[in-house]
Amino acid sequence: MAEALAELFAGDANAWRAALLAGRATVRAAVDAVLARLERCERGPGALNAVLAVDAAGARRRADALDADRAAGRVPGPLFGVPVALKANLCAEGLPTSCGSRLLADWCAPYTATAVQRLVDAGAVPVATGNMDEFGMGSSGENSAFGPTRNPWDPGRTPGGSSSGPAALVAAGLVPLALGSDTGGSVRQPAAFCGIAGFKPTYGRVSRHGLVAYGSSLDQVAPLARSVRDLELCLSVLSGADERDATTLPEPPVVPELADEHMTLDGVRVGVCPELLEGEGLDPAVRARVEAAVDRLVELGARRVAVRLPSAAHAVATYYVVAAAEASSNLARFDGVRYGRREGGERSLQEMIAATREAGFGEEVKRRILLGTYVLSRGHAEAWYVQALRVRRRLRDELDAAFEQCDVLVAPTAPTPAFALGEHVRDPLAMYRADALTVPASLAGVPALSVPCGFVDGPAGPLPVGMQVLAPALADARALRVGRLYEEASPWRDRRPPWALPDEVPA
Ligand code: GLN
C-alpha cells in the first residue's frame, strides 16, 4: 500500500486515476494520504502557506462513495478519484470562499460553481482551497490577507499569482490537479514560476457560474496540472456551454487532438513576434530558454514564422484600465449587507458600508477600486475606459491578423523567473509590468497555455521557465496539442522541486 501511494504522488492525474482503477489503492486510502500531507505541508519552517481551508469530512465522504460505486460496478468517471485543490474564489459546498480577503474570511457559498460540479461529477475529489491574492488582484500571492505562499523551488520566492496556493500545491506534488482562475495571467504565470502546466481557455469556453467575479470580460476558470495531457483531460470535463452563465459559448466541450508518438508538428506554423520575445524587461536567460524551445518545435516539424503585434506594448496599460473598471463595479456588492463581514453596524448605512470596506479590503484592492472608479467616472471615461476598449479591439485585430500567418504563437509566459518575495511589493507598477506577456491573450479572449520549457540558475538553485502557446479563439485543443508534443519531447515534466514535507508521511 505504501508503495502504491508513493507511486500515486509521483505521477500526474492520468497516472493517479489509472493506478486507482487498477486497484493499487482505494480512493479512501489515497484521499487520507493527501489530507495527511496537506496538514504537514503547512507546518514548520518549510511551510508553503498554500492552503486556506481543508474539507476533510467532505473529501472522505466522497472517496467512500467512489469506492462504493466502483465495488457496485458503476462506470468510473474520467477523473475517478483525482484529488483537486480549488482557488479560494470558486464556490464549493463544504469549503469557505474567502477570495483571500478578510472581508469574506469564513463566508461559505450556498451553492457549487459549475466548473467544480463538473469535476465532481467526473469523479474528482475537492480536498482544499488554495491561497490567492485578494480577489485575484496580484501577481505574487503577496496580496492575500492570509500571508504569502512560498515557491517549492525556492521558499524565498513567490510561486506567482494570483493562483499562488493552487500552483504551489500542484508543484509540490500534494495534489495532481487544481482549478484556478485567469483574468490576466493568474494561472499561466504561477504555472511558469512553479514549473507546471496551466491553461487559460478561450473566453466563454468554461462557465464562470460560481467564480467570484473580478474582471468579468476577462475572467476564466483555468486548470493547473503536472502535464499537458492532464489539462486536456480536465478541459474535456470542464468546458462546454452552461445555461447559468450567459457568456459561455454554445460550443461542445474541448476534445483533445490525440497526441501519440506518431503525431508530429509537421506543417504547424509557429509564430514568434518581437514584441513578446524581445520586449523591454525580458530576462535574457528566459528568452534563451524560449528560443531553444522554438528550435525544438522546429525539430519536431514546425515552421517558424515572424509575425507582428505592435499594440502589445500597450497591453499592460489597457488591461489595468479595463480590469480595474470591471473590478470597481463587481466589488460594489461587498457592502456589509449581503456577504461576509460587517463593521460599524450601529451607525448609518453609509457609514456601515464605508467601515466594512475600509476594514475588509486590503491595499491593492482599494487601489484598484479607486482606479476603476476614476476611469469610469464622467469626464474621464472617454479618455481612459473608452480609449482602453479601442486599444483592446486593435490588439484583438492584430492577433487575428497574426493568426492568418501562423497556427499558434509562442512567447515567454513571464519576463523573468520567479522573483523574490517582497521584491515588488512597494512598487505596484513593477508588479503590473510582470504581466506584460500574459495580458494580450486575456484582452483578446484567446486560449493560452503555459508549459515548462527549461530552467535558469537562481541564487538558491534552478528556477523554472514557462513558454506560452497562444491559439486563435476556439482552437484550445490546438494549443494543447502543440504543448503536449513539446512536453513529450522535452525532459522538463519530470523535474521535481527540492521542497519536501517537514517529516515523513506514514502511508
Ligand atoms: N496579475 C494580474 C492582476 O493583478 C492578473 C490577475 C489574474 O489573472 N487574476 O490583475
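Counting starts at 1 for both ligands and their atoms, in listed order.
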(request) Quick one: look at R368 and ligand 1, take heavy-atom pairs under 4.0 Å, and tell me if it's side chain, backbone, both or neither. (result) side chain
(request) Answer with side chain, backbone, both or neither: which part of Y320 has a heavy atom less than 4.0 angstrom from an atom of ligand 1? (result)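 Under 4.0 Å from ligand 1, Y320 contributes side-chain atoms alone.
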Report yes if some N/O of [X] lies less than 3.5 Å from some N/O of ligand 1; otherwise report no.
X    : value
G136 : yes
Y214 : yes
T183 : yes
G161 : no
S186 : yes

List every atom of ligand 1 that sits less than 4.0 Å from any heavy atom of [X], numbering the atoms from 1 in the order shown and giving each element.
X    : result
G138 : 1 (N), 2 (C), 3 (C), 4 (O), 6 (C)
G184 : 5 (C), 7 (C), 8 (O)
M137 : 4 (O)

(request) Consider ligand 1: state whether an atom of it lies below 4.0 angstrom from any non-hydrogen atom of G185. (result) yes
(request) Please report the C-alpha distance between D12 and S227 in whole Å, then the side-chain angles of each, then the deciding distance to 0.1 Å, and finally whether the side-chain hydrogen bond (donor to acceptor under 3.5 Å, both in side chains) criterion is met. (result) CA-CA 7 Å; D12 64 358; S227 65; 2.7 Å; yes
